[in-house]
Amino acid sequence: MTGMGKSCILIHYHEIAIKGGNRKWFENIFARNIKKQLQGLPHGKISANSARVFVLDTAPHLWPEYARRLKNVMGLMNATLMTRIPAELEEIKHTAAELIENRTFETFRVSARRQYKNFPLSSGTLNTEVGAHLQKLCGKPVRLKGADLDVKIEVVKDYAYIGADKIRGYGGLPVGVSEKALVLLSSGIDSPVAAFEMLKRGVNPIYVHFHSAPVTSRQSIKNVQEILGVLAEYQTRCKLHSVPLLEIQQQIMATAPNKYWVILFRRAMVRLADMLAKEYTVPALVTGENVGQVASQTLSNMRAVDDAASIPILRPLAGHNKEDIINRAREIGTYEISVEPYQDCCSFFVPPHPETKANLDTVREIEAELKLETLYGEALKRAETHVVNVFYPQVKEQI
Ligand code: ATP
Ligand code: MG
C-alpha cells in the first residue's frame with residue numbers, strides 16, 4: 001500500500017493553536033497522551049512540528065485500531081493515515097496513484113495544503129495537477145462537495161504527506177492541561193456525560209460515588225465501575241472512591257421532614273466530596289445536574305446544595321437538553337451501562353413531594369440539628385478505592 005513512502009499518522013490539534021507562549025507545553029502533554037493511547041501498537045517517533053503532530057513508522061493495516069484509540073485523545077481535531085515522501089511533484093503524483101489503486105469510488109477530489117511556502121507549487125496547482133493525473137488513470141469525475149474519495153496532500157517542510165483515511169476527534173484540550181476536579185459520579189446518564197465534558201476541557205477527573213448498600217443492592221457500584229472503565233479510556237488511568245451514605249441517610253430520615261430529604265442527601269454528598277477534594281487539593285467539584293430535569297434540580301435547590309461546598313461546583317450540563325445528553329452518552333459509550341437497572345441511593349428513598357424551592361435558612365437549621373459530623377468522618381474512613389488502568393496488549397505486526 002505504501003510503495004516507496006513511509007506510513008505515518010498526521011494529526012491536527014484543536015485549541016492548542018491559540019495558546020501562544022505555552023504552546024510547547026500543551027503540545028508535549030498532547031503528544032504524551034497520544035503515546036499512552038498507542039501503547040502496544042507499532043509506531044516510531046511522536047513529534048510536534050508546524051502545528052501538527054506526527055506519529056511516524058505506523059503499520060497501515062492496523063489503521064482502524066489506531067483510529068479507535070486516537071479518537072480517545074482529547075484536543076485532537078483530526079488524524080489521517082498518510083504516506084510520507086519527499087516533496088516533489090512526480091513523487092506526489094505517483095503516490096497518489098498508488099493510493100487510489102485498490103479503492104472503489106465513483107467521485108473523488110484532491111485537497112492539498114501547503115504549509116511550506118518554499119515548495120514551488122501552490123495548493124491550487126497541486127490540486128489540479130494531481131487531480132488531472134488521477135482522472136486520467138481512473139476515469140472518474142472530480143466532485144468538490146461530497147466526493148466519495150478525498151485524497152489529502154499536505155506539504156510540510158521537506159516532505160509531502162498523502163492519504164485518504166481520516167477520522168475526526170472530539171476537539172477541546174488535552175487531558176492534564178487543566179488540573180484535576182472531583183466528579184460526583186452516579187450510575188445515571190448525566191454524570192458520566194458531565195465528566196466527559198470536563199475531560200474535553202483538559203480536566204483530569206477523580207471520581208466519587210455514594211451508595212446505600214446493603215439496603216440498596218451493590219449493582220450501582222458495579223455499574224459505576226463499568227462506566228469508569230469507559231471514562232478511563234479517555235484518561236488511561238483513573239480513580240474512584242465509593243463512599244457509604246446509608247448511615248447518614250438513616251439519620252436524616254429519622255429526624256428531618258421528608259420533603260427535605262433529597263436536598264439533605266445532596267448536601268451530605270457535597271460535604272463528603274468537599275472533604276475528599278481537600279485531601280487531593282482539588283479546586284472544584286463536578287455534577288451532572290441539569291436545570292429543571294427533575295423536581296429536585298431547581299435553581300433554588302442548586303443554591304442550597306452549593307451552600308454545603310467550600311469550592312465551586314461545576315455543572316457542565318446545566319443548560320443542555322436531555323436529548324443531547326443522551327446522544328452524547330451513546331457516542332462516548334456510557335448510555336448502555338447507565339440504562340441498566342439499578343437502585344440509586346437517592347431515588348430509593350425519595351419522598352412523594354420533595355421540596356422544589358428550598359429555603360436556605362430552613363435547610364441549614366434542620367441540618368445543624370442532625371449532628372452529622374461524626375458520621376461524615378466514619379463514612380470516609382469506610383470508603384473503598386478503585387483504580388482503573390487501561391492496559392492495551394501488544395499488537396503483533398503482521399507482514
Ligand atoms: P445522573 O444521571 O447523573 O444520576 P440525575 O439526573 O439522575 O443525574 P440526580 O440523581 O438528581 O440527577 O443527581 C444529580 C447529580 O448528583 C448527579 O448528576 C451526580 O453528579 C450527583 N449524584 C447523584 N447521585 C449520586 C451518587 N449516588 N453518587 C455520586 N454522585 C451522585
Ligand atoms: Mg441520578
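Order of appearance sets the numbers: ligands from 1, and atoms from 1 within every ligand.
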Test of proximity, [X] against ligand 1: N or O pairs below 3.5 Å:
X: Val208; result: no
X: Arg266; result: yes
X: Val286; result: no
X: Met269; result: no

> Roughly how far apart are Ile167 CD1 and Trp63 CH2, rounded to 0.5 Å?
Replying inline: 5.0 Å
> Hydrophobic clusters join Ile, Leu, Val, Met, Phe, Trp and Tyr when side-chain heavy atoms are under 4.5 Å apart, directly or via other members; which others share one with Val291?
Replying inline: Leu299, Met302
>> Which Ile, Leu, Val, Met, Phe, Trp or Tyr residues join Leu137 in one cluster when any pair of side-chain heavy atoms under 4.5 Å counts as a link?
In response: none
> Looking at Ala164 and Thr80, what are the two nearest heavy atoms and their distance?
Replying inline: N-CG2, 4.5 Å
Taking only heavy atoms of [X] into account, list the atoms of ligand 1 that are under 4.0 Å away from them.
X: Gly188; value: 1 (P), 2 (O), 4 (O)
X: Ile189; value: 2 (O)
X: Glu289; value: 14 (C), 15 (C), 18 (O)

>> Check this for me: does any side-chain nitrogen of one of Lys45 and Asp57 sit under 4.0 Å from a carboxylate oxygen of the other?
In response: no
>> Under 4.0 Å between a side-chain nitrogen and a carboxylate oxygen: does that hold for Glu384 and Arg218?
In response: yes
